[in-house]
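We use all heavy atoms of the structure for the numbers below, so side chains are in, but hydrogens, waters and symmetry mates are not. Note on naming: letters A, B, ... go to the chains in the order of the sequence lines (proteins, then strands), and numbering restarts at 1 for each one.
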Number of protein chains: 2
Amino acid sequence: MSDVYKALADETRRLLLDELMQRDEQTLFELCTKLAMHHDLTPTRQAVSQHLDVLEAAGLVRTERRGRYKLHTINTAPLAQIAERWPTRRTRT
Amino acid sequence: MSDVYKALADETRRLLLDELMQRDEQTLFELCTKLAMHHDLTPTRQAVSQHLDVLEAAGLVRTERRGRYKLHTINTAPLAQIAERWPTRRTRT
DNA sequence: AGCATAGGCAAGCGTTCACTTGCATGTCAA
DNA sequence: TTGACATGCAAGTGAACGCTTGCCTATGCT
């Protein structure tokens, strides 16, 4: 779980998760394009690739090779555990 | 919210939140002691103080001065927003 | 085969971060 | 008032981080 928190610390990685929420199974180039179009971010392809590596190592992204394409899919499971660790205590009634 | 994610990136800060979940209104020294007792961590007082500053800046900790004591209390509200940003999609039925 | 496309590897660079050290401020009790 | 206690401020250091650059591998199409 330590890797999950570190993965979320970067804004670009959070935006990548946002884009994957919109649609699963996106390639590196698709995600690069959307960062530029939706968020005016123009990091290099390698930078985005490294971000995706971090997300995958944290278990937040699953990948699948299909021919020369590598498809990325979000996995929200680790995120649910964050809210569970520090649950909002019930207001005394 | 960006500060919230960065605040959570450090393990010591997450443990501080854990301790504040156990009991609110703890002083800097109390938290230092608990890090040592419960987690075998012995950072200096200043290091812990800086961590608490980060947590406060992120809105995850509220403080109140009472005489020479500064009491720290957790605020879980920002944490709930994390799970809301990337909700687990319902499995197709 | 030849070429374009999609992605991978690795070194280098500047910044941020966590931490320590040293000193200063403020509060309370005797 | 004096001393002990709780906290604050600031500079310095080493490591981690995000990013770029340059080159390499692999797949698919004509």
task = Ignoring hydrogens and angles, state whether a donor on the side chain of His39(B) or Glu19(B) is under 3.5 Å from an acceptor on the partner side chain.
result = yes

query = Between Val54(B) and Val48(B), is there a shared hydrophobic cluster once you connect ILVMFWY residues whose side-chain heavy atoms come closer than 4.5 Å?
reply = no

task = Using the test salt bridge (Lys or Arg N to Asp or Glu O under 4.0 Å), find all partners of Arg68(A) that sit at least two apart in sequence or belong to another chain.
result = none

request  = Considering just the side-chain nitrogens and oxygens of Ser49(A), establish if one lies under 4.0 Å of OP1 or OP2 belonging to dG8(C).
outcome  = yes

Take the protein atom [atom1] of [X] and the nucleotide atom [atom2] of [N], then report the distance between them rounded to whole Å.
{"X": "Leu31(A)", "N": "dG7(C)", "atom1": "CG", "atom2": "C1'", "answer": "13 Å"}
{"X": "Glu64(B)", "N": "dT27(C)", "atom1": "CD", "atom2": "P", "answer": "15 Å"}
{"X": "Arg65(A)", "N": "dA6(C)", "atom1": "CZ", "atom2": "P", "answer": "12 Å"}
{"X": "Asp53(B)", "N": "dA18(C)", "atom1": "CG", "atom2": "C1'", "answer": "13 Å"}
{"X": "Lys6(A)", "N": "dC17(D)", "atom1": "NZ", "atom2": "C1'", "answer": "10 Å"}
{"X": "Glu11(B)", "N": "dA18(C)", "atom1": "CD", "atom2": "C1'", "answer": "14 Å"}
{"X": "Leu52(A)", "N": "dG18(D)", "atom1": "CG", "atom2": "P", "answer": "13 Å"}

Applying a 4.0 Å non-hydrogen cut-off, can you work out what [X] is touching in the nucleic acid: base, sugar-phosphate, or nothing?
{"X": "Arg13(A)", "value": "sugar-phosphate"}
{"X": "Arg66(B)", "value": "nothing"}
{"X": "Tyr69(B)", "value": "sugar-phosphate"}

Every protein N/O lying under 3.5 Å from an N/O of nucleotides 20-26 of chain D:
{"from": "dT20(D)", "atom 1": "OP2", "to": "Thr44(A)", "atom 2": "N", "distance (Å)": "3.0"}
{"from": "dT20(D)", "atom 1": "OP2", "to": "Thr44(A)", "atom 2": "OG1", "distance (Å)": "3.0"}
{"from": "dT20(D)", "atom 1": "O4", "to": "Gln50(A)", "atom 2": "NE2", "distance (Å)": "3.0"}
{"from": "dG22(D)", "atom 1": "O6", "to": "Gln46(A)", "atom 2": "NE2", "distance (Å)": "3.3"}

key: Proximity to the side chain of His51(A) - top-ranked nucleotide from dG18(D), dG8(C), dG8(D)   =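 The answer is dG18(D).
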
message = Given dA18(C), dT7(D), dA6(C), identify the nucleotide with an atom nearest to the side chain of Asp10(B).
response = dA18(C)

message = Quick test of your reading of the model: are Glu64(A) and Arg62(A) salt-bridged, counting only N-O distances below 4.0 Å?
response =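 Here Glu64(A) does not pair with Arg62(A) in a salt bridge, since their nearest N and O are not under 4.0 Å apart.
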
ask   = Ignoring hydrogens and geometry, is there a side-chain-to-backbone donor-acceptor pair from Asp24(B) to Thr73(B) under 3.5 Å?
value =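 A pair under 3.5 Å: no.
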
message = With each end axis built from five pairs of C1' atoms, what bend angle do you get for the helix from dA1(C)-dT30(D) to dA30(C)-dT1(D)? Round to 10°.
response = 30°

Closest heavy-atom pair and its distance - [X], [Y]:
{"X": "His51(A)", "Y": "Asp10(A)", "answer": "CE1-OD2, 3.3 Å"}
{"X": "Leu79(B)", "Y": "Leu8(B)", "answer": "CD2-CD1, 3.6 Å"}
{"X": "Asp3(A)", "Y": "Ala58(A)", "answer": "O-CB, 3.5 Å"}

ask   = What's the verdict on side chain to side chain donor-acceptor pair (under 3.5 Å) for Lys34(B) and Gln22(B), showing C-alpha distance, side-chain angles and the deciding distance?
value = CA-CA 11 Å; Lys34(B) 299 206 173 167; Gln22(B) 299 289 328; over 6 Å; no

